[in-house]
Each structure stands twice: as C-alpha cells, then as structure tokens.
Amino acid sequence: MTEYHGNVHVGGPAQTHELAKLMITKVAVGPMNNNAYLLRSRSTDEQVLIDAANDAGTLLKVIGEGGISRVVTTHQHGDHWQALAEVVARTSAVTVAGRDDAEGIPVPTDEPVGDGDRIQFGDLSLEVIQLVGHTPGSIALLYDDPTGPPHLFTGDSLFPGGVGNTRGDKANFESLLNDVETKLFARLPDETWVYPGHGADTTLGAERPALPEWRARGW
C-alpha cells in the first residue's frame, strides 16, 4: 500500500486514503487541474463521486464496475462539472448540489441540498456545510470519522493558504471568510483533513494561524 499524501497531477495515478470505514480516492483532471474524489463505503462498497470535473474517461476508470449512487457538485463553476453529463449518463447516478447553485449547473440537480443536510451512502453519511462567497451555493462535505479525525471536502471555498477567489468583491470575501471561520475553524479540530477542489491537501491546524492574515489582506 502506498502512503497517502494527496499530491496528484493530471495524467498521473490516483491516490487512495484508506480509513477504517471509508476509502477516499483522489484524482486530478482537466486543464485547470481539478481534483475529483471517489468515496467508497468499506462495508457496502457503495460509492459517491465529488465533482465530475473533467475527463469522464479517467473518472469512469476510477469509478470502475461498481458504479456510483450519487455525484455531488460542490459549486456551479464550469470547471467542476465538465464531465457531469457523461458520468451521469454512464452510471445513472443521482445528482446532488447546493440548492442556491443548482440553476447554474447545466445537468439537472436531483437532490438540492443546504446547510445541515446529510448525504447518505452505504452505512456512512456526509454533512453538508454551505459556505457562501465563492458562489452563493457552494458546499463543503464533512465526513466525521468515528475512528479518527474529521475529513472535509471544501470545493473552492478553502485551500492551503486562503479561502477561494471572490474576485475582489469585499462582501463576498467577508461572507466566505466568516462562514469558513464559524462553520469550520470554530467547530472542527486542528487534525481535520482538508481536501480542496484544486491542488494539495492540508489540515485546519496548518491553516488556522493564518486566519488573521487572510482577513487583513482581504483575499
């Protein structure tokens, strides 16, 4: 077994983080180096895909013959759903997205979700956390591992080094940073593993000391 580090690149191999009850496979796809995550319950083998971002062929290869029950889109920006239509056509997966972003995604959303909702698969569930600012309906997904630290999929709302791009809009930046501070950092421990929509993984503990700097710089 290769030790998981979360550093993947487009055209390279996927990486799998093996937890007691959940397998998380990360793969990079597309010209914007998007991350997609396949989650598999170890007890039932039911799978969920987070962000059918691009390159349906690569995603379907990672998904394998077991298929997926749901595909979750973290937000409405086009680099996060380029392969959504083909993946849904090939797997018949139920589509899930934040209800305030659903209209911006060209594939109909079967299950619109919001703050506090849960996405069930196998014997596991993900908590939906809405983070407003990068887009109105961006969502993060929390797996509260009963055997270890939490695991958090943040889309483009939180990265190593800062929150997501709010394109110079002060109100959107303050909304996003406020949500990230109150709904993530104030609630979850430093050991929380963060899986962003692009690039390398991080932890809340690695980012927490920089929160005052992020607020001061305004992006």
*Asks:* Check whether Q15 reaches the backbone of H5 with its side chain - one donor and one acceptor, N or O, closer than 3.5 Å.
*Replies:* yes
*Asks:* Side chains of L39 and I50: closer than 4.5 Å at any heavy-atom pair?
*Replies:* yes
*Asks:* Taking C-beta and beyond as the side chain, do D110 and V96 meet within less than 4.5 Å on heavy atoms?
*Replies:* no
*Asks:* Quick check: does any side chain N or O of D117 sit under 3.5 Å from a backbone N or O of V128, one acting as donor and the other as acceptor?
*Replies:* no
*Asks:* Honestly curious: do I139 and Y195 fall in one hydrophobic cluster under the side-chain, below-4.5 Å linking rule?
*Replies:* yes
*Asks:* Please report the shortest heavy-atom distance between T95 and T109, naming the atom on each side.
*Replies:* OG1-CA, 3.3 Å
*Asks:* Hey, what do you get for CG (L177) to CZ (F185), rounding to the nearest 0.5 Å?
*Replies:* 9.0 Å
*Asks:* Could you check whether any side-chain N or O of D156 sits under 3.5 Å from a backbone N or O of G164, counting only pairs where one atom can act as donor and the other as acceptor?
*Replies:* no
*Asks:* Is K21 atom NZ crowded by more than 12 heavy atoms from other residues, nucleotides or ligands, each under 6.0 Å away?
*Replies:* no
*Asks:* Using only atom types and a distance under 3.5 Å, with no angle test, would you say the side chain of Q82 pairs donor to acceptor with the backbone of N54?
*Replies:* no
*Asks:* Using every non-hydrogen atom in the two residues, find where Q47 and G66 come nearest and quote the distance to one decimal.
*Replies:* NE2-C, 4.2 Å
*Asks:* Could you check whether the rings of H134 and H77 sit parallel, tilted or perpendicular, using 30° and 60° as the cut-offs?
*Replies:* perpendicular
*Asks:* Please find the pair of heavy atoms, one from A36 and one from L59, that lie closest to each other, and give the distance.
*Replies:* CB-CD2, 3.6 Å
*Asks:* Where do D201 and H17 land on the side chain to side chain contact (heavy atoms under 4.5 Å, CB included) test, with the steps shown first?
*Replies:* CA-CA 11 Å; D201 298 357; H17 200 172; 5.7 Å; no
*Asks:* Going by the angle between their ring planes, with limits at 30° and 60°, are Y37 and F153 parallel, tilted or perpendicular?
*Replies:* perpendicular
*Asks:* Is L141 reachable from I105 through a run of hydrophobic residues whose side-chain heavy atoms are each under 4.5 Å from the next?
*Replies:* no
*Asks:* Aromatic rings F159 and H198: how do their planes relate, parallel, tilted or perpendicular, breaks at 30° and 60°?
*Replies:* tilted
*Asks:* Measuring only between side-chain heavy atoms, which start at C-beta, is T203 closer than 4.5 Å to E191?
*Replies:* no
*Asks:* Please indicate whether E174 has more than 12 foreign heavy atoms, meaning atoms of other residues, nucleotides or ligands, lying under 6.0 Å from its CD.
*Replies:* yes
*Asks:* Let me see the working for Y143 and L124 under side chain to side chain contact (heavy atoms under 4.5 Å, CB included), right down to the final yes or no.
*Replies:* CA-CA 8 Å; Y143 171 62; L124 308 176; 4.0 Å; yes
*Asks:* Start with the C-alpha gap between L204 and L158, add the side-chain angles, then the distance that decides, and say whether side chain to side chain contact (heavy atoms under 4.5 Å, CB included) holds.
*Replies:* CA-CA 10 Å; L204 290 187; L158 178 64; 3.9 Å; yes
*Asks:* Rounded to the nearest 0.5 Å, what separates atom CZ in R187 from atom CD in E181?
*Replies:* 16.0 Å
*Asks:* Within a strict 4.5 Å, meaning less than it, do heavy atoms of the T192 and P149 side chains meet?
*Replies:* no
*Asks:* Can you tell me if N178 uses its side chain to pair, donor with acceptor, with the backbone of S175 under 3.5 Å?
*Replies:* no
*Asks:* For Q130 and D100, does a side-chain donor sit closer than 3.5 Å to a side-chain acceptor?
*Replies:* yes
*Asks:* Just checking, any donor-acceptor pair under 3.5 angstrom between side chains of T135 and Q76?
*Replies:* no
*Asks:* With a cut-off of 6.0 Å (strictly less than), are more than 12 heavy atoms of other residues, nucleotides or ligands near CZ of R90?
*Replies:* no
*Asks:* Short question: side chain of T25, backbone of T16 - any donor-acceptor pair under 3.5 Å?
*Replies:* no
*Asks:* Tell me if a side-chain donor or acceptor on T154 pairs with a main-chain N or O of S157 at a distance below 3.5 Å.
*Replies:* no
*Asks:* Mark yes or no for whether N35, through its side chain, and P196, through its backbone, hold a donor-acceptor pair below 3.5 Å.
*Replies:* yes
*Asks:* Does the R217 side chain pair with the main chain of W219, one donor and one acceptor, at a distance under 3.5 Å?
*Replies:* yes
*Asks:* Could you measure the distance from the NZ atom of K183 to the CG atom of L131? Nearest 0.5 Å is fine.
*Replies:* 6.0 Å
*Asks:* Kindly indicate whether the side chain of F121, heavy atoms from C-beta on, has any atom under 4.5 Å from the side chain of T44.
*Replies:* no
*Asks:* L184 and E207: side chain to side chain contact (heavy atoms under 4.5 Å, CB included), yes or no, with the steps?
*Replies:* CA-CA 11 Å; L184 304 182; E207 306 304 322; over 6 Å; no
*Asks:* With a 4.5 Å heavy-atom cut-off, do L19 and T147 have their side chains touching?
*Replies:* no
*Asks:* Is it the case that one hydrophobic cluster holds both I119 and L49, taking links as side-chain heavy atoms less than 4.5 Å apart, direct or via other members?
*Replies:* no
*Asks:* Search all heavy atoms of A200 against all heavy atoms of P160 and return the closest pair with its distance.
*Replies:* O-CG, 3.4 Å
*Asks:* State, to 0.1 Å, how close I63 and I68 come at their nearest heavy-atom pair, and which atoms those are.
*Replies:* CG2-CG2, 3.8 Å
*Asks:* Could you report the tightest heavy-atom contact between G155 and T74, atom names first, then the distance?
*Replies:* CA-OG1, 3.7 Å
*Asks:* Do D144 and E127 have side-chain heavy atoms sitting under 4.5 Å apart?
*Replies:* no
*Asks:* We want to know whether D123 and S41 form a side-chain donor-acceptor pair, criterion being a heavy-atom distance below 3.5 angstrom.
*Replies:* yes
*Asks:* Determine, using the 4.5 Å side-chain heavy-atom cutoff (strictly less than), whether W193 and L142 are members of one ILVMFWY cluster.
*Replies:* no
*Asks:* Any link between V194 and Y4 through a network of hydrophobic side chains (Ile, Leu, Val, Met, Phe, Trp, Tyr) touching at under 4.5 Å?
*Replies:* no
*Asks:* Within the structure provided, determine whether I129 and D115 are in side-chain contact (heavy-atom separation under 4.5 Å).
*Replies:* yes
*Asks:* Near M32 CE, under 6.0 Å, is it more than 12 heavy atoms from other residues, nucleotides or ligands?
*Replies:* no
